[in-house]
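Structure record follows, encoded as C-alpha cells.
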Amino acid sequence: MKRIALLGMPNTGKSTLFNRISGASARVGNWPGITVDLMSAKILLGGHIVELVDLPGIYDLHGFSDDEQVVRHFIEQNEIDLVMLTLNTSQLDRQLSLALQVRNLGLPTLLILNMADEARRSGVTVDVASMSVQLGMPVAMLSAKYGEGCQEALITAAATMNRSPHPAPEQLRAHLQTDDLIEREMDAIMASSVQMPMQMNDALSAKIDRIVLHPWLGLPIFFAALYVLFQFIFTAGQPLQNGVAWILGYVRGGMLEPWLANAPPWLHGLLLDGIYNGVGTVAAFVPLIVLFFLVMTMVEDSGYLSRAAFLTDALMAKMGLDGRGFVMLLMGFGCNVPALMGTRVMRSRPLRLLTMLVIPFSLCSARLQVFVFMIAALFTPNQAPVILLALYVMSFLATFTTALLFKGQFQNNEPFLLELPPYRFPTTRQIVMRGWHEVSHFLRRATKFIVIGVVLVWALTHFPGDVPPASSYTLAGMIGNALAPILTPIGIDGKLAIALIFGFVAKEIVIGSLAVIYGLSGDPLMQLIGQKLDWVQGFSFMLFTLIYTPCLSAIATLRNESKSNAFMWLSILWSLALAWVVSFVFYQSARLLGY
Amino acid sequence: MQCNLLTSLTSGEQATIRSIDAEEGLFQRMTAMGFRIGRQIELVRRASFSGPLHVRVGSTDVVLRQTEARRIQVSDTRPT
C-alpha cells in the first residue's frame with residue numbers, strides 16, 4: 001500500500017484538511033501541537049487504497065522539539081510515496097522555508113496553499129504556475145475549511161504519487177543534515193511570485209483584539225465570556241436532559257419491565273437496577289456533554305485561546321507556569337487527557353511536569369456531571385449556579401496552590417513565544433464532526449468502564465445474597481466500614497465511599513454507582529440523596545471528587561507522557577492528600593460553625 | 001546607529017530588527033516565526049502586570065515575554 005505523509009506548520013488547517021480528505025473526525029484546534037498522536041486513515045486515491053498519515057505540525061524540519069523529531073524519525077524510517085505539505089497562503093512569507101526544506105529531501109511533494117479564502121480577503125495573490133516552476137513541485141491552492149479546490153488537489157496528488165519514484169529512507173537519512181541556502185532562495189521566490197500588501201489588512205482581527213486584549217478590560221471580558229458560555233450550555237442543555245430522562249424511563253417502564261417480568265429476581269436486578277439504571281443515569285448527561293464540547297470546539301477553533309494565554313501569562317509566571325499552561329487548564333475543562341498530551345509543545349521538562357501536575361485539578365466534563373447531579377439533589381435552583389461557580393473557583397485554587405508549592409522543584413526558564421492566529425469561525429461541518437466524535441467517545445467509555453463499573457458495584461452491594469442490599473453486611477458495606485476512620489472526619493459515609501472508589505476509574509461511574517447503590521434513578525434518586533445527605537456532607541463529597549485523581553485514563557496519560565512512575569505516584573498521592581485536607585477543613589469548620 | 005531593546009518601544013511604535021541574541025533552539029523558532037535581521041517589527045500592545053508583549057513581524061502576530069524581547073535589539077524607531 002502506498003503511503004502519503006501530511007506535513008505542515010501549526011495553524012495551517014492541516015487537521016481540517018485531514019478530516020476533509022479522510023472523512024474521519026480528528027480533533028481540530030487552533031493550538032499548536034494538538035494533533036500530537038499520529039493519526040492515519042485509509043483513503044481511495046486514483047484507484048488505489050492509500051494510507052494517509054497526519055504528522056505533527058512543525059515550523060522547521062531541522063528543529064529539535066519533540067514534534068520536529070517525531071516528523072524526522074518518521075521520514076527516516078518509513079517509505080513515503082508522497083508528501084502533502086500544507087502552508088497557510090496568507091503567511092507564505094515565513095512558511096515557504098518549510099517547502100524548501102522538504103523539497104531538498106527529494107521526496108515527491110505536493111505543496112498545498114491552504115486558507116485560500118482568508119488569503120483572498122486580505123489581498124494576497126499567488127502566481128501558482130510560477131511558484132510551481134521555481135519550486136520544482138506541483139502547487140495547489142485550496143480551502144480545506146470550505147472544500148474549495150480539494151478535488152483538484154487530490155487528482156494532482158494521485159498523478160504526482162504515481163509518476164515519481166520515491167527515494168529510500170536510507171538516502172533521506174543522509175539528506176537530513178544541513179541546509180543554509182534556504183533563506184536567500186525563499187526571499188527570491190517570494191519577491192518574484194507572491195504579491196503581498198506590506199501590512200496585512202487584518203482589520204477585523206485587530207479591532208477585536210483592541211477590545212478583548214485591552215490592558216484592564218481583557219481579563220474581565222474573558223471571565224464574563226466564560227460565564228455566558230456556561231449559562232448557555234446549562235439553559236440549552238436542561239430541556240434536552242429532561243427529554244433523555246423521559247425516554248429512559250419510558251423504555252424501562254414500557255418495554256424492559258414487561259419483557260423481564262419472568263426473569264429470575266437476581267437477573268432482573270442486575271439488568272435493570274444495575275446496568276440500566278447505572279448507565280441510564282450517566283446517559284442522561286450526554287446532551288449536556290455534547291453541547292459542552294460543541295461550545296469548546298468553537299472557542300478552541302476561534303483563536304481566542306491564544307489570546308487567553310497572552311492575558312494570563314503574567315499571573316501564571318508568578319506560579320512557575322506560563323500562559324500556555326492556562327490554556328491547557330481551560331482545555332482540561334473538557335477532558336484532562338488531551339490537555340495533558342497538549343503539554344508536548346513545552347520543551348523544558350520541569351515546566352512540562354509542573355503543568356501536568358496541575359492539569360488534573362481542572363474540573364473536567366465528567367466531574368461536571370457528578371456536580372450537576374449532586375447540586376440538583378441538594379440545593380435549590382437559585383443556589384445551583386453559585387455552588388457550581390464555587391467548585392470552579394476551588395479547581396483554580398487547587399491548581400494555584402499546587403503550582404506555588406511545587407514550583408521550587410520544577411524550576412525552568414523556558415522561553416515564552418507564541419503565535420496569535422487571526423480569528424476564525426469553525427464551519428458547521430467541523431462542529432457536527434466534533435459533536436459526533438464526543439458521543440461515540442462516550443459510548444465507547446460507556447461500554448467499557450461504565451458497564452463494568454456498575455456491574456461490580458451491583459455485585460458488591462448484593463453479595464452475600466442473604467442480607468439486605470447495600471447494608472453494612474454486604475461486601476460494599478465491609479469496605480465502607482474499613483474506610484470509615486479516614487472518611488468519617490470528612491463527612492463521607494460507606495455508600496459514598498464505594499462511589500468514590502469506582503470514581504477512581506472514571507468519574508461517570510460515580511453517579512452510575514449511586515443509582516445502583518440506592519437502587520433508584522432519575523428524580524427519586526435525587527430525592528433520596530437529598531434526604532440521606534445534608535448540604536455540608538454533599539459539598540465535602542464534591543470537593544473530594546473534584547480534587548482527587550481525575551480518572552484512570554488521565555493517570556495512564558500522565559505516566560506515558562512523563563515516562564516516570566515516581567511522577568505518576570506523586571500526582572496520585574498529592575491529589576489524594578490535598579482532597580482529604582480540603583474536605584476535612586471544609587467539613588469540620590462548617591460543623592463548628594453550626595451548619 | 002542607535003540601537004535599543006525591543007522592550008523600549010511603546011505601543012504602536014515600529015522599528016527595524018538589528019540583532020537577535022538567542023541560543024540555537026530559540027533562534028530557530030524566532031526565525032521560523034519571521035524574526036530576521038532587517039525586518040520591520042511593530043509593538044502592538046503590552047499585557048498588564050509586566051506581562052508579555054504582542055508584536056507584529058510581517059504578517060504574523062507573536063506574543064513573547066519581556067525576557068525574550070530583551071534579546072532583540074532594534075533601531076530606527078518610529079510611530080506607525
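In what follows, chains carry the letters A, B, and so on, assigned in the order in which the sequence lines appear, proteins first and then strands, with residues in each chain numbered from 1. Worth knowing before you read on, the calculation uses all heavy atoms, side chains too, and leaves out hydrogens, waters and symmetry mates.
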Check your understanding: Is the shortest distance from a Lys or Arg side-chain nitrogen in B/Asp61 or B/Arg56 to a carboxylate oxygen in the other one below 4.0 Å?
Key -> yes
Point to revise | side chain to side chain contact (heavy atoms under 4.5 Å, CB included) partners of A/Gln411, counting only residues at least two apart | key: none
Point to revise | chain A interface, residue from B/Val63, B/Thr67, B/Val57 that has the most non-hydrogen pairs under 4.5 Å | key: B/Val63
Point to revise | Test: A/Glu414 and A/Arg324 ion pair at under 4.0 Å | key: yes
Check your understanding: Is it the side chain or the backbone of A/Leu315 that comes within 4.5 Å of chain B heavy atoms, both, or neither?
Key -> neither
**Study point:** Most contacts with chain B, counted as non-hydrogen pairs under 4.5 angstrom, among A/Thr312, A/Leu219, A/Leu213
**Key:** A/Leu213
Review point. Non-hydrogen atoms of chain B under 4.5 Å away: do they reach the side chain of A/Asp322, the backbone, both or neither?
Key: both
Check your understanding: Considering residues at least two apart in sequence or located in another chain, which fulfil the ring-ring contact (aromatic ring centres under 6.0 Å, His included) criterion with A/Phe416?
Key -> none
Point to revise | chain A contact via B/Arg71 - side chain, backbone, both or neither, heavy atoms under 4.5 Å | key: neither
Point to revise | A/Leu417, part contacting chain B, at a heavy-atom distance under 4.5 Å | key: both
Practice item. Could you tell me whether B/Arg18 and B/Asp76 have a side-chain N and a carboxylate O separated by less than 4.0 Å? Key: yes
